[in-house]
Asks: 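Dumping the structure here so I can ask a few things about it.
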2 protein chains.
Amino acid sequence: MGTSMLVAPPTFTLVAPALFLGNARAAGATELLQRSGITLCVNVSRLQPGPSAPGVAELRVPVFDDPHEDLLVHLEPTCAAMEAAVRAGGACLVYCKNGRSRSAAVCTAYLMRYRGLSLERAFQVGASGAGPAFEGGWASCSRHRCTRLCRAFGKRHPTTPEDLPEKPRDPSQAL
Amino acid sequence: MGTSMLVAPPTFTLVAPALFLGNARAAGATELLQRSGITLCVNVSRLQPGPSAPGVAELRVPVFDDPHEDLLVHLEPTCAAMEAAVRAGGACLVYCKNGRSRSAAVCTAYLMRYRGLSLERAFQVGASGAGPAFEGGWASCSRHRCTRLCRAFGKRHPTTPEDLPEKPRDPSQAL
């Protein structure tokens with residue numbers, strides 16, 4: 001048996017400061033959630049279980065992985081809750097079944113809305129931060145409907161200077 | 001059998017514009033949720049079920065009805081999500097098991113944080129809006145630990161002019 005057989009694949013990964021992306025098994029990794037300082041889980045699914053870690057809130061965005069689902073309508077409240085959790089000193093985990101298109105779309109929207117990144121830069125940051133376990137999904141996301149979704153979101157909610165965090169981050173350094 | 005026997009008690013009620021308070025049965029009232037324009041349910045409990053209405057998101061704040069639970073840490077992200085849902089044209093339902101202290105505390109915090117009300121005025125508005133089905137709980141809430149909780153929240157996050165909605169509301173008229 002090779003050593004690689006003993007290494008479990010990660011259930012979530014840090015894609016930007018205080019922002020984690022994961023799959024449906026992430027919510028069950030109670031100890032890891034707490035050790036990572038995660039205070040808010042965004043569960044972008046109808047069927048996947050929520051976290052049971054004490055003190056960790058769950059925002060469930062009830063959409064199937066289906067282009068006909070309206071994820072856009074949920075992005076602004078979701079991103080606002082995420083930013084408030086981060087500003088309060090916590091961190092967010094965004095997950096769906098596989099940690100691919102739905103959760104990557106929410107992360108991308110958040111990076112655009114509150115970290116001042118363009119759509120293209122948000123995709124780069126996400127794919128780069130996601131690492132081998134998740135970058136494939138992110139790349140897939142960027143090619144498909146998530147691009148249209150996040151572009152529509154960016155038009156509705158352009159980032160303006162007053163939207164930036166109280167201590168503005170330099171994306172090129174912080175990310 | 002008197003006519004009153006045929007009238008089911010309400011599961012939730014409007015306490016301020018776009019803000020509903022309810023008990024654990026509220027989440028199951030799918031048709032009523034949709035008819036009321038509710039887009040975000042805040043479930044202030046560990047055990048009560050979430051909504052299954054299509055398009056309705058759920059923010060679960062996982063606290064028991066126990067003074068030792070830290071509800072304060074969740075108030076800012078919760079209120080931010082609520083305000084974003086309202087600004088997006090939706091409405092929020094906040095509920096716990098009985099629609100009493102936990103959910104009333106969250107409504108009070110929200111009225112202070114985003115509607116510019118003092119703690120005392122928020123309690124008045126809440127108790128008045130709650131009506132017979134819920135005002136008892138609200139009055140109870142105002143006398144007990146929720147007062148300390150919301151006072152602490154108000155000190156951490158004082159409402160400032162730039163925090164007010166883009167179209168400021170006149171509380172005396174709008175509420």
Side-chain angles (χ1 to χ4, degrees), chain A residues 18 27 30 33 37-64 66 68-92 106 109-110 113-114 153 156-157 160 162-163 166, chain B residues 18 27 30 33 37-64 66 68-92 106 109-110 113-114 153 156-157 160 162-163 166:
Chain A
T30 298
L33 289 182
I38 290 166
T39 52
L40 177 66
C41 284
V42 179
N43 178 356
V44 197
S45 79
R46 290 202 190 186
L47 303 176
Q48 304 308 323
S52 57
V56 177
E58 177 196 12
L59 175 57
R60 180 184 291 269
V61 181
V63 292
F64 287 121
D66 178 330
H68 296 101
E69 289 275 19
D70 188 358
L71 178 53
L72 181 59
V73 72
H74 294 290
L75 287 180
E76 181 63 7
T78 301
C79 292
M82 292 168 65
E83 179 63 5
V86 172
R87 285 196 192 201
C92 299
V106 170
Y110 173 72
R113 181 72 176 85
Y114 287 104
F153 179 66
R156 279 195 193 180
H157 304 285
T160 54
E162 62 267 33
D163 285 331
E166 282 154 14
Chain B
T30 298
L33 289 182
I38 290 167
T39 52
L40 176 66
C41 284
V42 179
N43 177 355
V44 197
S45 79
R46 290 202 189 187
L47 303 176
Q48 303 309 322
S52 57
V56 177
E58 176 197 11
L59 175 56
R60 180 184 292 268
V61 181
V63 291
F64 287 121
D66 178 330
H68 295 101
E69 289 275 19
D70 188 359
L71 178 53
L72 181 58
V73 72
H74 294 290
L75 288 180
E76 182 64 7
T78 301
C79 292
M82 292 168 65
E83 179 63 5
V86 171
R87 285 195 192 201
C92 299
V106 170
Y110 173 73
R113 181 72 176 85
Y114 287 104
F153 179 65
R156 279 194 193 181
H157 303 285
T160 55
E162 61 266 35
D163 284 331
E166 282 154 13

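Every chain is numbered from 1 and lettered A, B, ... according to where its sequence line falls, protein lines coming before strand lines.
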Asks: Can you tell me which portion of B:Val56 sits under 4.5 Å from chain A's heavy atoms? Options are side chain, backbone, both or neither.
Replies: backbone

Asks: Going from CG on B:Leu33 to OG1 on B:Thr39, what distance comes out if it is rounded to the nearest 0.5 angstrom?
Replies: 10.5 Å

Asks: Among A:Leu59, A:Val61, A:Val42, which residue has the highest count of heavy-atom pairs closer than 4.5 Å to chain B?
Replies: A:Leu59

Asks: Rounded at 0.5 Å granularity, tell me how far CZ in A:Arg60 sits from OG in A:Ser45.
Replies: 5.0 Å

Asks: Among B:Glu58, B:Arg156, B:Met82, who wins on heavy-atom pairs under 4.5 Å with chain A?
Replies: B:Glu58

Asks: Please round to the nearest 0.5 Å and tell me the distance separating atom OH of A:Tyr110 and atom OG1 of A:Thr78.
Replies: 12.5 Å

Asks: Quick check on the interface: out of B:Ala85, B:Pro77, B:Gly50, B:Ala53, who has the most heavy-atom pairs with chain A under 4.5 Å?
Replies: B:Pro77

Asks: For the pair A:Arg113 (side chain) and A:Ala80 (backbone), establish whether a donor and an acceptor sit closer than 3.5 Å, ignoring hydrogens and angles.
Replies: no

